Structure formats: C-alpha cells, structure tokens
A.B. asks: 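Structure provided below as structure tokens; questions to follow.
Remember, predicted model here, so these are calculated numbers, not experimental data.
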2 protein chains.
Amino acid sequence: MTTDTERRSWRQNPDAVKQDILTVALSEFAANGLSGTRIDTIASRTRTSKRMIYYYFGDKLGLYTRALEAAYHKVREGEAALNLGHLPPKEALARVVSFTFDHHRKNPDFIRMVMIENIHNAEHLAASQVIHDMNVTAIDKLAQICRRGQEEGVFREGLDPVALHWQISAVSFFNVSNRPTFSAIFGDALFDEEGQQRVRQQMVDAILAMVTRPEAAR
Amino acid sequence: MTTDTERRSWRQNPDAVKQDILTVALSEFAANGLSGTRIDTIASRTRTSKRMIYYYFGDKLGLYTRALEAAYHKVREGEAALNLGHLPPKEALARVVSFTFDHHRKNPDFIRMVMIENIHNAEHLAASQVIHDMNVTAIDKLAQICRRGQEEGVFREGLDPVALHWQISAVSFFNVSNRPTFSAIFGDALFDEEGQQRVRQQMVDAILAMVTRPEAAR
DNA sequence: AGAGAAATGTACTGACTGGAACATTTGAAC
DNA sequence: GTTCAAATGTTCCAGTCAGTACATTTCTCT
C-alpha cells in the first residue's frame, strides 16, 4: 500500500540543474549583494528547489564563490573576441581602450559582482585559484602593444602595462559602477548614447596623449 | 516603596547621543553594507542602546540615509580646504587632480558608502535633498579653470567640465574602491607609496595632455 | 531484475534580527 | 514642587532565513 500523498516523478539532469542554479544565483547576487541575497529567492527562480542548491554548492558562500567565478569566466570569454591583428601600435591601443569601455558596459552583472567583491575586500576572489589564473592575458596584450610602440618610436619609454591597464579599467569600470550616484548628482547627460561616445573618445584621447612621445604628437 | 531592581541614573545628552550613533553607524555601514550591517552591532558599539537608535532615526533605512549624508558632509568639508588662488590654469588643474586623488585615498569610508549606494542604484541618495545640493561646487571650480585656460589659449575648446570631473573621479575613485580585487589579481605594486605617486602622476599627465591645445604642448 | 548510488522532493528548525511594548528618569517651565 | 514632555532603560516578539532531517525516485552497473 502506497502513501496517499501524490508523489511527482521527474527526470534527472544534474548538469542542467547546476547551470540553472548558477545562472539565477549570479543574477541575484549581482543584484542584491552577498548578504542581501536570499537563498529562498534564488531557489524560487530556478526550476529546482533549495535542496539542490545545498546539494551541489554546500552553502551560501560556496554558491557565491561559484557565481563569482562564473561571472569572470563569462567576461573573459567575451574578451577573447578581441583580435588586434597587427595594427599599428596607436590604433591597437585605441582599439583596446574602446573595446574595454564597451565590454564593461555590456556586462553590468560582472561589474556588480566585482563591486560586491571589493566591498568584501576580495576575500572570496583571493580564495579562488580559478580567477587568479584567468587574468594575466589582458596585461600581456598591453605589454606587447607597448613594446611595439616603443620599438617604432611612437610611444614614450618607461610605460608600465599594469599601470596602463589600471587606468583603462578605472574609467571603464567607473562608467558602469558609479553611474547611479553620478547621474543622480550630475544628471545623466553623460550616459545617453551620445554622451557615452564622448566620454569614450575622451578616454581614448587621454590615454593616447599620455603614452605618445611628445615629439611624435601629430 | 521602590522596586528591587537597581535602576541606573543617567545624564541626558541628546546631541552627543545622536552624534555617537551616527559615527558608529557610518563606520558599520561602510564596512558591511546596508543589509550586512546589524543594528545590534551598532548599538553595542555606542555608549547608548538600540532603543535610542529607533528613537532618533526611526528605522534602519533612516539611520543609513543619515549616515550617508554624514559621509558626504564630512568629505565636502575636506574639499573646501582646496584653494587655488589664481594659479595658472594648467597648474590649477594639476592641483585639482592631485588633490582629488589624495582626498579619495584619505576617505575610504566615504568611498565605501558610495560603492554601497551604487549597489543600491543610488535610491537613498536620490531621496536625499541634502546631498544633491552639496555637489555642484566641484563642477564650478573646474568650469572656471577651463574657461581661464581657454581664454589664455592653453586649453582646447569644447571642454566639458562635467566630463572632466567624471574622468578625474573615475580614476581617483577606482584607485580606492577596486584596490582589493585589483591587487588580488595583479599584485599590489601600484599601491605602495611609490606606486601611488606614479599612478597619480600618470593621471595628471593624461588629463593635462588631453585638455592642452596640441600647438601649446610644450 | 535488483542493488546501491546519485539525485530530487518535502517539511521542519534553531538562531538571528529588526522593531515594538512597557516602564522609568531627567529636565524645564510654571 | 508639580507637571508634562523629552530622553533613556529593559524586555520581549514575530518574522525571516540559512541550513537540515527524512523520505522517495531515478539511474547505472551487473
């Protein structure tokens, strides 16, 4: 004799379940932060149950860490799309800068995850080996451009690729991360399509002007 | 006949109590975010009790909003210290840039509050009239410098003070806000005293190069 | 086909936490 | 010195939420 309660049958699909959870988790964590996110909310947005979150990810922090890694992974994939061929150094650099700017704009969830990580002093990121390994390529690309630019005599000596990356990231990141407060205070003229074109160009100009040899300035 | 329980006597001091709460609240909110902060923790760090928090600030959001305003207030006070006299435009601008960079570094709690506000899409900041009124002076200062620079023929035409402020803020802000993730990934060479000097100078160079008339470049 | 492991469903709990109820004391004005 | 409002202390609660216990089903291997 069986129980009275109707039991549902289901089809097992571990990978899809994991992926489903991760996708929802990323969007929830990005939207609400670590302590602002509710596991129950994530669960309700998935096709599965809270039970499975704990089954696959252990606890909230485990899930968060995996979501963070997923965010980095997704963004790095997009970056691989950038191919500089053998453009002249100045064009190549301009291309990198523009690309970074646009790429950040297109990935607000990634930006938000990084913001949240910074609030938490990057402790989960530091714990993730996965992420650490993923991030050197950006620097390599810049280093190559710098070297070529210097060999051809159009760039200044003593450029530091990391410092250059820092500056490019700063503006591209801030443009997304601080849009809410900035536009709340100064209006959103900089954030419509035309405004974004302008600030993007302004950044390209600034970076190029900075790396270019004074004598070689057009 | 009185009750058996010992009742403590105390001295009333509303202003000091409010101030005490606000100071602690700011530091807690800056450290842990809005949902990460516990009212009980704030209470335990004050000289008074949780009761008084609700008495003076209504609820958690009320306290948070006031703490946010306090953060802005404190930082704006510091900014007023900057006096440009009548330096030549290029020097004045360089001074503003350097100052902003240093000032942000010296006020990490403010930065963190702004980060947190951005996570929340600036909804509390937008609701605060106080803050909105406080923020125009920075732009005015830049606008004046730009005008003088253009009159003297050393700056390009078509400069937008807001866009300029945006760029200066971006780098100065990012330098503090994203230090944890950046140094976790790329090392902290940029964040010791010498590294900070370098990136600061790099930013000054970039901004000056950008606003300077091509012909007028030394 | 059956046995054991992997995957999933359902219901529950213990701790935490924002906030409120109730009681008392201080201070100022008359 | 009485009165009344403002300020403070003490205690508790009702909802929330991360995490768990227990039961069941599906899958895989032989």
A.B. asks: Under a 4.0 Å N-O cut-off, is there an ion pair linking B/R105 with B/E193?
C.D. replies: yes
A.B. asks: Rounded to the nearest Å, what distance is computed from the CD1 atom of residue B/I39 to the C1' atom of nucleotide D/dG15?
C.D. replies: 16 Å
A.B. asks: If you check every side-chain atom of A/Y54, which of C/dG9, C/dG18, D/dT20 has the closest atom?
C.D. replies: D/dT20
A.B. asks: Return whichever of B/L61 or B/Q12 has its heavy-atom-nearest nucleotide of DNA chain C closer to the 5' end.
C.D. replies: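 Nearest-nucleotide comparison on DNA chain C picks B/L61.
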A.B. asks: Output, in order, the C-alpha distance, side-chain angles, deciding distance and verdict of side chain to side chain contact (heavy atoms under 4.5 Å, CB included) for A/L164 and A/M210.
C.D. replies: CA-CA 10 Å; A/L164 202 54; A/M210 182 186 84; 3.4 Å; yes
A.B. asks: Side-chain donor or acceptor of B/K60 under 3.5 Å from a matching atom on the base of C/dG19?
C.D. replies: no
A.B. asks: Any base atoms under 4.0 Å from A/T37, or only sugar-phosphate, or nothing? Heavy atoms, all strands.
C.D. replies: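 Touches sugar-phosphate only.
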A.B. asks: If I take atom CG in residue A/N13 and atom C1' in nucleotide D/dT25, what distance separates them, rounded to the nearest angstrom?
C.D. replies: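 Those two atoms, CG and C1', are 15 Å apart.
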A.B. asks: Whole angstrom is fine here: how far is it from CG in A/L63 over to P in D/dC17?
C.D. replies: 16 Å
A.B. asks: Where the side chain of B/R38 is concerned, which of C/dG18, D/dC17, D/dG9 is the nearest nucleotide?
C.D. replies: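 Nearest nucleotide to the side chain: C/dG18.
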A.B. asks: To the nearest Å, give me how far apart CE (B/M52) and P (C/dG19) are.
C.D. replies: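 My rounded result for the distance is 17 Å.
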A.B. asks: With a 4.0 Å cut-off, would you call B/E77 and B/K74 a salt bridge?
C.D. replies: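 Here B/E77 does not pair with B/K74 in a salt bridge, since their nearest N and O are not under 4.0 Å apart.
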A.B. asks: Does D/dT8 have OP1 or OP2 sitting under 4.0 Å from an N or O in the side chain of B/S49?
C.D. replies: no
A.B. asks: So, OP1 or OP2 of D/dT8: does either fall under 4.0 Å of a side-chain N or O from B/R51?
C.D. replies: no
A.B. asks: Surrounding CZ of A/R47 (heavy atoms of other residues, nucleotides or ligands, distance under 6.0 Å), is the total greater than 12?
C.D. replies: no
A.B. asks: Expressed in angstrom and rounded to an integer, what is the separation of A/F57 atom CZ from D/dG19 atom P?
C.D. replies: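 It is 14 Å, rounded to the nearest whole Å.
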A.B. asks: If you check every side-chain atom of B/P14, which of C/dT8, C/dG18, D/dA7 has the closest atom?
C.D. replies: D/dA7
A.B. asks: Name the nucleic acid region contacted by A/Y56, choosing base, sugar-phosphate or nothing; use a 4.0 angstrom heavy-atom cut-off, strictly under.
C.D. replies: sugar-phosphate
A.B. asks: Rounded to the nearest Å, what distance is computed from the OH atom of residue B/Y64 to the P atom of nucleotide C/dG18?
C.D. replies: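 In whole Å, C/dG18 P and B/Y64 OH are 15 Å from each other.
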A.B. asks: Measure NZ/A/K50 against P/C/dC12 and give the value in whole Å, please.
C.D. replies: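 In whole Å, C/dC12 P lies 14 Å from A/K50 NZ.
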A.B. asks: Under the salt bridge (charged side-chain N to carboxylate O under 4.0 Å, His left out) rule, what do A/R179 and A/D188 come out as? Steps first, then yes or no, please.
C.D. replies: CA-CA 8 Å; A/R179 169 176 180 165; A/D188 49 11; 5.2 Å; no
A.B. asks: Please give, in whole Å, the distance from D/dG9 P to B/I53 CD1?
C.D. replies: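 Those two atoms, CD1 and P, are 12 Å apart.
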